[in-house]
2 protein chains.
Amino acid sequence: MDIKQTTSAFAALSQPTRLEALRILIKSGTSGMLAGDLADLMEVRQNTMSANLSVLLQAGLVRNEREGRSIRYFADFEGLRGVLAFLMEDCCGGSPEKCQPLIDEITCAC
Amino acid sequence: MDIKQTTSAFAALSQPTRLEALRILIKSGTSGMLAGDLADLMEVRQNTMSANLSVLLQAGLVRNEREGRSIRYFADFEGLRGVLAFLMEDCCGGSPEKCQPLIDEITCAC
DNA sequence: TCCATATATCATGAATAATTGATATATTGG
DNA sequence: CCAATATATCAATTATTCATGATATATGGA
């Protein structure tokens with residue numbers, strides 16, 4: 001993971017449609033969602049959603065699988081991990097006590 | 001934390017100078033860094049760094065304190081927490097087993 | 001093979017953002 | 001109060017990004 005990949009990922013997340021799409025895919029977990037269903041759910045046009053999913057794909061934040069005529073998209077948790085890890089690298093070096101609340105918040109009840 | 005704040009934060013992180021600056025401030029923890037020292041360290045001009053710090057400030061990712069003639073900047077861990085929490089909200093809903101590696105990576109050795 | 005469905009790509013115009021030189025503001029020391 | 005230092009703001013140019021309409025590609029069913 002380098003700075004170029006990471007800025008590309010954050011750029012992908014800096015647009016409301018893409019951020020919401022990824023959040024939905026994160027919630028959807030292993031089930032993912034069909035591109036068209038996501039467009040319908042979010043009430044955006046087909047080509048807009050396609051373009052936005054393509055940006056998320058290039059950024060390594062989602063992956064996809066063809067499923068008949070449709071294409072199913074999934075959050076790429078590995079990609080997410082890399083981006084967040086790069087950002088927070090050595091966060092404890094200067095102030096360990098600052099890190100715990102952040103971790104607690106990210107940490108979900110699984 | 002809403003989608004507007006979050007996209008603004010990610011937009012702030014989508015630019016190499018700002019991402020690096022925040023990473024340095026994250027590593028610096030409670031010591032933070034003076035704006036000028038950060039500009040020198042990163043070899044960017046004074047006004048460019050000032051503009052970029054201002055974007056990070058508006059995004060709630062850093063805070064600052066005047067210190068004599070200088071201004072000291074710090075990573076805002078509370079802001080970071082909010083952004084990451086919003087992104088990962090309900091990540092376990094669909095697939096709890098996917099979350100742990102991500103949390104492990106973020107979790108530092110403090 | 002032909003048609004319908006699902007998604008992707010292309011071209012374009014409108015809006016946003018980035019860097020830079022110049023200048024302004026704020027603080028300190030003399 | 002004046003000069004020096006540290007940072008912020010302004011104006012302008014250039015470069016990116018976005019949504020959109022139109023079109024292309026790919027798959028499945030008849």
Side-chain angles (χ1 to χ4, degrees), chain A residues 3-25 28 31-76, chain B residues 3-25 28 31-76:
Chain A
I3 194 142
K4 209 174 174 68
Q5 287 178 273
T6 309
T7 50
S8 138
F10 285 132
L13 295 175
S14 70
Q15 206 276 337
T17 304
R18 288 194 296 260
L19 177 57
E20 266 306 314
L22 182 59
R23 276 164 40 87
I24 291 169
L25 291 177
S28 305
S31 332
M33 280 194 73
L34 303 184
D37 290 349
L38 199 45
D40 291 347
L41 178 61
M42 295 188 53
E43 295 179 329
V44 303
R45 307 199 180 200
Q46 176 271 319
N47 57 355
T48 297
M49 180 54 75
S50 174
N52 281 323
L53 285 172
S54 168
V55 173
L56 289 168
L57 198 59
Q58 286 302 112
L61 294 171
V62 303
R63 58 188 181 78
N64 62 15
E65 269 175 22
R66 180 164 279 280
E67 190 172 307
R69 299 181 193 181
S70 304
I71 297 186
R72 186 173 295 272
Y73 281 83
F74 305 89
D76 183 333
Chain B
I3 194 139
K4 208 173 174 69
Q5 288 178 272
T6 309
T7 50
S8 139
F10 284 132
L13 295 175
S14 71
Q15 206 276 337
T17 303
R18 288 194 297 259
L19 177 57
E20 267 307 312
L22 181 60
R23 276 163 40 86
I24 290 169
L25 291 176
S28 306
S31 331
M33 280 193 73
L34 303 184
D37 291 348
L38 199 46
D40 290 347
L41 177 62
M42 295 189 53
E43 294 179 329
V44 303
R45 307 196 181 205
Q46 176 270 318
N47 57 354
T48 298
M49 180 54 75
S50 174
N52 282 322
L53 285 172
S54 168
V55 173
L56 288 168
L57 198 60
Q58 287 302 111
L61 295 171
V62 303
R63 57 188 181 79
N64 61 15
E65 270 175 22
R66 179 165 282 279
E67 189 172 307
R69 299 183 191 180
S70 303
I71 297 186
R72 186 174 294 273
Y73 280 82
F74 305 89
D76 184 334

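Order of the sequence lines sets the chain letters (A, B, ...), proteins ahead of strands, with each chain counted from 1. None of the values given here were measured: they were computed from a predicted structure.
- Side chain of B/N52 to backbone of B/T48: a donor-acceptor contact under 3.5 angstrom is found.
- Between A/E65 and A/F74 the shortest side-chain heavy-atom distance falls below 4.5 Å.
- Within residues 6-20 of chain A, no residue has any heavy atom under 4.0 Å from DNA chain C.
- The closest donor-acceptor contact from the side chain of B/T7 to the backbone of B/I3 lies under 3.5 Å.
- With sequence neighbours excluded, the residues forming a side chain to side chain donor-acceptor pair (under 3.5 Å) with B/N64 are B/Y73, listed by chain and number.
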For nucleotides 25-30 of chain D, print each protein N/O atom paired with a nucleotide N/O atom at under 3.5 Å, atom names and distance only.
unit_1, atom_1, unit_2, atom_2, d
D/dG28, O4', A/R69, NE, 3.0

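- Judged as a side chain to side chain donor-acceptor pair (under 3.5 Å), and not counting sequence neighbours, the contacts of B/E20 are B/R23.
- The OG1 atom of B/T17 sits 6.5 Å away from the CE atom of B/M49 when rounded to the nearest 0.5 Å.
- Put simply, the side chain of A/L57 does not reach to within 4.5 Å of the side chain of A/L53, judged on heavy atoms.
- Remark: the backbone N or O of A/I24 is paired with a side-chain donor or acceptor of A/S28 at under 3.5 angstrom.
- Listed by chain and number, the residues in a side chain to side chain donor-acceptor pair (under 3.5 Å) with B/E67 are B/R72 (sequence neighbours excluded).
- In this structure, the side chain of A/S14 engages the main chain of A/A11 through a donor-acceptor pair within 3.5 Å.
- Atom pair B/R45:CZ and D/dC10:P shows a separation of 20 Å (rounding to whole Å applied).
- Note that the CG atom of B/L25 and the CZ atom of B/R63 stand 10.5 Å from one another [nearest 0.5 Å].
- D/dA11 atom C1' lies 12 Å from atom CG of B/N47, rounded to whole Å.
- Counting 5' to 3', DNA chain C first comes under 4.0 angstrom of a heavy atom of chain B and last does so at the ends given by C/dA18 to C/dG29.
- Residue A/S70 is classed as a sugar-phosphate contact, given heavy-atom separations below 4.0 Å to backbone atoms only.
- Between A/V55 and B/N64, the residue anchored nearer the 5' end of DNA chain D, judged by the nucleotide with its closest heavy atom, is B/N64.
- Under 4.0 angstrom from either OP1 or OP2 of D/dT17 there lies no side-chain N or O belonging to A/N52.
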